[in-house]
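Report on the structure given below.
Each ligand, and each atom within it, is numbered from 1 in the order the structure gives. All heavy atoms count here, side chains included; hydrogens, waters and symmetry mates do not.
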Amino acid sequence: MDESPPIRGTADADASASAARGGLDSVMSSRVDARPDANDPLRSALIEEAFRQGRAGIPMMAIAMLGMAGIHWLMTDTLIEPLWLLAGLSVVSLRMAMVVLHALRRERLSIRVRARMFEWPLMLNSLVWALLPVLVFPAAEPTERLALITIIAGLAGGGAALLAPVLWPSRIYILSLMIPASIMILDTPGSGPVVFILGLCFALAALFSHSQARNALVISQQRLIENQSLLGEMDEQRVLVERLNQELLSAQERLLKHSLKLETEAEERSARMRLAISVIENTAEGVMVMAPNGIVLEVNPAFTRITGYASEDIIGRSASLLRSDRHDDDFFDLLWSRLRSTGRWDGEMWSRRSNGEAFLERRTIDVVRDAEGIPTHYVSVFNDVTEDYHKDQKLLHQALHDPLTGLGNRKLLLERLEHGIAQARRLFRKFGVLILDLDQFKAVNDSLGHHVGDQLLCEVAARLEGRLRASDTLVRLGGDEFVILMAGLDRPGDAAVLAHELLDSFAQPFELPSHRIHMRTSLGIAIYPDDGTNPDVLMKNADMALYAAKSAGRNAFHFFRPVFAEQARRRLELELALREAVDRRELSLHYQPKVAASDHSVVGFEALLRWNRGEEGFVPPDRFIPVAEDCGLIGQIGAWVLAEACGQVARWHREGHGWQRVAINVSARQLAHDDLVGMIREECGRQEISPRLLEVEVTESCVMANPEQTGPILKGLRDMGVSVAIDDFGTGHSSLAYLRRLPVDVIKIDRSFIREAGEDASAEAIVKTIVDLSRTLDMGVVAEGVETFEQAEMLAGIGCGILQGYCFARPMPASEIERRWDE
Ligand SMILES: Nc1nc2c(ncn2[C@@H]2O[C@@H]3COP(=O)(O)O[C@H]4[C@@H](O)[C@H](n5cnc6c(=O)[nH]c(N)nc65)O[C@@H]4COP(=O)(O)O[C@H]3[C@H]2O)c(=O)[nH]1
């Protein structure tokens with residue numbers, strides 16, 4: 001068989017059809033399938049058509065066979081016809097089986113197999129038909145032959161149409177029917193040659209009509225295929241279009257969603273933008289946006305509020321307009337280099353407002369860059385911290401300065417000391433520390449009130465400051481203590497010069513709004529590095545020098561001497577021992593009688609404190625009482641003295657000695673700090689003795705230092721019945737006006753006057769004056785330190801009623817008193 005025409009696309013379908021119409025050759029060249037797996041839709045369609053037409057032709061074929069065999073068999077009654085019929089029907093069955101098989105398995109079979117399934121049974125069928133004339137004609141009658149050939153011709157004609165889908169098997173089929181029959185009829189008498197020729201002609205006509213039918217079928221199949229292909233393509237296009245439509249729809253949907261999202265985002269962005277703008281507009285911090293060249297592009301209202309520049313005054317101008325002269329170029333170089341390297345600068349800087357006023361701002365500058373990282377803007381956010389700065393400065397000043405005088409305080413002193421020492425060490429210079437303490441300042445404070453005391457301190461501070469160099473430092477340590485640091489000393493003598501000047505400056509009284517006050521001062525001086533190389537040691541040594549100056553009689557200055565340290569050490573030792581002495585009961589009271597000048601009878605006793613340190617013997621009260629006063633032990637000791645003396649008075653009274661008063665000594669500190677009146681009342685209550693049996697001796701200097709404070713206390717004592725005596729009278733500077741007003745019962749003339757009275761007429765005159773004074777003031781008078789009978793006589797002569805002294809008895813323990821006076 002020839003090659004079947006290739007399947008053409010839609011574009012050349014018409015050309016293919018005309019080619020098919022154009023000639024038998026082209027049609028003949030179409031065959032069912034020459035290649036095993038050729039994917040040939042035309043061939044496939046022709047095979048399909050062949051099977052389809054076969055479904056109608058094959059039953060007809062079976063009927064024709066039955067008819068032919070039946071007719072002839074009835075006439076001849078031989079076995080040939082049944083056998084032929086059997087063979088024929090077998091072939092027909094085979095073809096039918098192929099038809100069914102094809103219908104069922106068509107999809108899985110190749111075109112070639114499908115073609116063979118149709119062609120080969122057809123060839124067998126052709127053979128069966130070719131045998132029929134050969135088997136039947138020799139014995140058949142002429143009419144019978146004519147009838148058979150007519151039927152055969154009919155079958156051949158029908159096959160020409162029905163077998164149009166296949167080419168050569170159809171032609172073989174037609175020729176197999178017509179050629180044997182025509183040949184076998186040739187010897188038929190009469191009509192044989194004519195029928196022979198007619199049979200050949202019919203065979204040719206059948207072949208021709210088969211070609212025509214096939215040609216038409218091929219063309220129609222091709223068109224059908226083309227149409228189907230077109231339909232398929234159309235379907236594909238439609239599917240494609242639908243898919244595209246779907247994609248378009250979903251793209252539209254996505255686009256819609258995206259645009260909605262973009263719209264939402266744009267709305268959100270614009271809302272955020274509005275919010276950001278409103279934040280920037282309303283923030284308390286100044287905001288300034290600058291171009292990379294420093295030109296201001298935008299500012300917010302806070303900027304205007306802080307700097308005073310309205311936006312129209314600053315926008316378009318250089319930000320350097322705000323620059324103050326408080327930073328040098330190095331500052332700004334550092335700022336820009338930090339900004340360039342890190343993208344941000346933050347810190348504090350001084351800027352200038354539009355009115356020229358400098359202000360401190362805490363500023364952050366950020367670099368804004370584009371996608372390529374090139375700076376496009378600088379955004380500066382700042383707030384005015386000038387007020388905070390001034391507050392901090394004020395706090396710092398407060399932390400380092402004395403609020404009353406405005407001078408530096410202890411903290412500043414330590415800072416300056418450290419700095420001064422470091423500097424002196426570096427420059428190999430000396431450095432002076434002068435501690436200054438006002439003499440009797442407490443008296444001013446107590447007598448005139450703290451307000452006046454404060455005024456005095458301010459005046460003192462101002463006077464001291466006026467005497468110092470700028471390089472010196474003056475601080476107030478607290479109370480009435482001042483410290484001067486003298487930097488850059490060449491020799492210690494320079495400090496002495498200043499000390500002299502300062503002492504001299506105190507010669508003039510201080511004029512306060514309501515008072516004129518004479519005030520003196522004492523100074524202690526320590527020199528770096530001679531007297532110490534660290535602040536603590538220098539301060540301690542200067543303090544010791546001050547103590548020495550005060551001990552030496554005040555209104556003086558002292559340089560530190562190592563001996564002071566030794567004295568201080570001993571003092572400290574004494575203090576520690578005294579603390580233990582109280583616990584160890586090393587303290588005791590001795591009693592010295594007071595006698596009547598008239599008959600030397602005992603009228604009372606003075607209780608005098610004794611400290612027996614065992615192996616070291618008795619420590620004089622003059623040594624340890626100032627220590628007890630300084631270290632605060634005097635309160636505890638005084639309470640013990642009071643209790644002990646009251647207890648002794650109670651015992652003596654219980655024992656019926658009948659002695660009168662016992663005097664106890666009370667220090668200035670006890671008067672100032674303890675509730676003396678309450679203590680005595682309580683103690684008398686506890687011992688069940690009358691306060692009238694007690695006398696309190698207070699030194700004249702203590703009373704006169706602060707008569708306003710001591711006056712009420714003494715009055716309280718007197719109101720209770722306690723007798724009040726002024727001790728060491730004549731040594732202090734008693735104001736007669738005060739003395740008159742003070743609630744005093746007894747004046748004790750200091751023993752120094754008594755001692756001198758016998759030798760010095762003026763001393764005797766003083767004693768007489770005091771005695772007269774006491775009489776005038778209606779006070780008792782006691783002469784202490786009476787050592788001789790001459791003194792006793794003289795005192796009795798001038799009217800001194802009571803005498804006390806070694807002349808009569810030394811201070812002695814209570815047991816000794818009892819033993820001597822009981823005798
Ligand atoms: N040269 C000489 N001295 C005589 C004579 N008669 C008495 N004295 C001494 O004179 C001092 C009198 O006491 P004061 O003037 O109150 O002076 C006392 C007093 O101010 C203080 N004192 C003594 N005991 C106490 C006490 O318990 N409390 C307080 N706060 N001070 C006391 O210690 C000072 C010294 O006391 P004392 O050493 O006991 O010295 C006593 C006494 O022993 C004499 O004829 N010649």
Side-chain angles (χ1 to χ4, degrees), residues 578 581-582 586-595 597 600 602 604-612 617-649 661-674 676 679-680 683 694-703 710 723-732 746-758 767 782-792 794-795 800 802-814 816-817:
L578 187 58
V582 178
E586 288 175 5
L587 299 181
S588 61
L589 284 184
H590 281 195
Y591 298 89
Q592 186 177 30
K594 293 178 188 174
V595 299
H600 299 177
V602 177
F605 296 92
E606 179 180 2
L608 292 158
L609 187 59
R610 293 293 176 264
W611 178 14
N612 186 357
F618 281 95
V619 184
D622 291 337
R623 246 190 84 200
F624 72 83
I625 283 184
V627 174
E629 284 185 332
D630 280 355
C631 71
L633 263 178
I634 194 68
Q636 195 184 346
I637 292 174
W640 180 85
V641 168
L642 175 66
E644 183 67 18
C646 287
Q648 189 58 57
V649 170
R661 287 199 171 98
V662 170
I664 57 168
N665 289 281
V666 170
S667 78
R669 267 185 86 97
Q670 275 176 282
L671 269 186
H673 298 290
D674 298 339
L676 196 61
M679 281 169 69
I680 290 177
E683 204 52 53
L694 289 181
E695 185 167 85
V696 165
E697 290 188 14
V698 199
T699 60
E700 183 195 14
S701 53
C702 164
V703 174
T710 47
S723 169
V724 175
I726 293 198
D727 208 358
D728 305 337
F729 192 82
T731 53
V746 179
I747 290 174
K748 284 187 84 176
I749 306 167
D750 190 68
R751 64 177 175 271
S752 58
F753 295 110
I754 308 299
R755 191 175 56 235
E756 290 166 15
V767 173
V782 178
E784 62 178 7
V786 182
E787 293 184 345
T788 63
F789 282 106
E790 289 76 30
Q791 288 169 341
M794 182 273 290
L795 289 163
C800 180
I802 299 171
L803 309 176
Q804 179 185 350
Y806 295 167
C807 173
F808 308 103
R810 286 181 174 260
M812 59 189 79
E816 180 75 13
I817 298 274

- [ ] Return yes when G785 approaches ligand 1 closer than 4.0 angstrom through a heavy atom, no otherwise.
- [x] yes

TODO: Tell me, please, which residues at least two apart from E756 pass salt bridge (charged side-chain N to carboxylate O under 4.0 Å, His left out).
DONE: none

TODO: Answer with side chain, backbone, both or neither: which part of K748 has a heavy atom less than 4.0 angstrom from an atom of ligand 1?
DONE: neither

Task: V746 and I802, any side-chain heavy atoms less than 4.5 Å apart - done: no

Task: Minimum-distance pair of heavy atoms, taken over all atoms of M794 and A757 - done: CE-CB, 3.4 Å

Open item on the list: Suppose we measure from atom 36 (O) of ligand 1 to each protein heavy atom; which comes out shortest, and what is that distance?
Closed with: P621 CG, 3.7 Å

TODO: Around atom 43 (O) of ligand 1, find the nearest protein heavy atom and jot down its residue, atom name and distance.
DONE: P811 CG, 3.4 Å

Open item on the list: Need the ligand 1 atom indices (1-based, order shown) with element for anything under 4.0 Å from a heavy-atom of L609.
Closed with: 23 (C), 24 (N), 25 (C), 26 (C), 27 (O)

- [ ] Could you see which bit of I625 sits under 4.0 Å from ligand 1, with heavy atoms only: side chain, backbone, both or neither?
- [x] side chain

Open item on the list: Less than 4.5 Å apart, side chain to side chain, heavy atoms only: is that true for V786 and L795?
Closed with: yes

Task: Structural part of V641 in contact with ligand 1, heavy atom criterion under 4.0 angstrom - done: side chain

Open item on the list: Measuring from non-hydrogen atoms of R610 to any atom of ligand 1, is the shortest distance under 4.0 Å?
Closed with: yes

Open item on the list: Taking the side chain as everything from C-beta on, heavy atoms only, tell me whether S723 gets closer than 4.5 Å to R661.
Closed with: yes

Task: Side chain, backbone, both or neither: the part of Q804 lying under 4.0 Å from ligand 1 by heavy atom - done: neither

List, one per line, each side-chain donor-acceptor pair under 3.5 Å for residues 618-629, sequence neighbours excluded.
| unit_1 | atom_1 | unit_2 | atom_2 | d |
| --- | --- | --- | --- | --- |
| E629 | OE2 | S667 | OG | 3.2 |

Open item on the list: Can you tell me which residue among Q592, K594, Q804 is in a side-chain hydrogen bond (donor to acceptor under 3.5 Å, both in side chains) with E606?
Closed with: Q804

- [ ] With D728 as reference, evaluate E697, K748, E784 under the side-chain contact (heavy atoms from CB on, under 4.5 Å) test and give the passing residue.
- [x] E784

TODO: Just need the protein heavy atom nearest to atom 35 (C) of ligand 1, so name the residue and atom and give the distance.
DONE: D622 OD1, 3.2 Å

Open item on the list: For the backbone of W640 and the side chain of E644, can you confirm whether one donor and one acceptor N or O come within less than 3.5 Å of each other?
Closed with: no

- [ ] May I ask you to identify the nearest protein heavy atom to atom 29 (C) of ligand 1, giving residue, atom name and distance to one decimal place in Å?
- [x] N665 CB, 3.3 Å

- [ ] Examine the proximity of ligand 1 to D727 and report which part, side chain or backbone, both or neither, has a heavy atom under 4.0 Å away.
- [x] side chain

- [ ] Measure across L589 and V641 and return the closest heavy-atom pair with its distance rounded to 0.1 Å.
- [x] CD1-O, 3.7 Å

- [ ] Determine, counting only non-hydrogen atoms of the protein, whether one lies under 4.0 angstrom from atom 17 (O) of ligand 1.
- [x] no

TODO: Give the residue and atom name of whichever protein heavy atom lies nearest to atom 6 (N) of ligand 1, and the separation in Å to one decimal.
DONE: Q592 NE2, 2.9 Å

Open item on the list: Closer than 3.5 angstrom, by distance alone: can the side chain of E816 be matched with the main-chain N or O of P813 as a donor-acceptor pair?
Closed with: no

Open item on the list: For atom 40 (O) of ligand 1, is there a protein heavy atom at a distance under 4.0 Å?
Closed with: no

Task: Shortest protein contact, atom 42 (C) of ligand 1 (heavy atom only) - done: L608 CD1, 3.8 Å

TODO: Indicate the atoms forming the closest heavy-atom contact of L578 with W611, along with that distance.
DONE: N-CH2, 3.6 Å

Task: Ligand-side contact atoms (ligand 1) for residue partner E606, heavy atom cut-off under 4.0 Å - done: 13 (O), 14 (P), 16 (O)

Task: Nearest protein heavy atom with distance in Å, relative to atom 8 (N) of ligand 1 - done: Y806 CE2, 3.8 Å

TODO: Mind checking whether E784 contacts ligand 1 via backbone (N, CA, C, O), side chain (CB onward), both or neither, at a 4.0 Å heavy-atom cut-off?
DONE: side chain

Task: D728, portion touching ligand 1 at heavy-atom distance under 4.0 Å - done: side chain

- [ ] Mind checking the OG1-CG spacing from T710 to L676? Nearest 0.5 Å is all I need.
- [x] 11.5 Å

Open item on the list: Heavy atom to atom 9 (C) of ligand 1, shortest distance: which of R755, R751, E787 holds it?
Closed with: R751

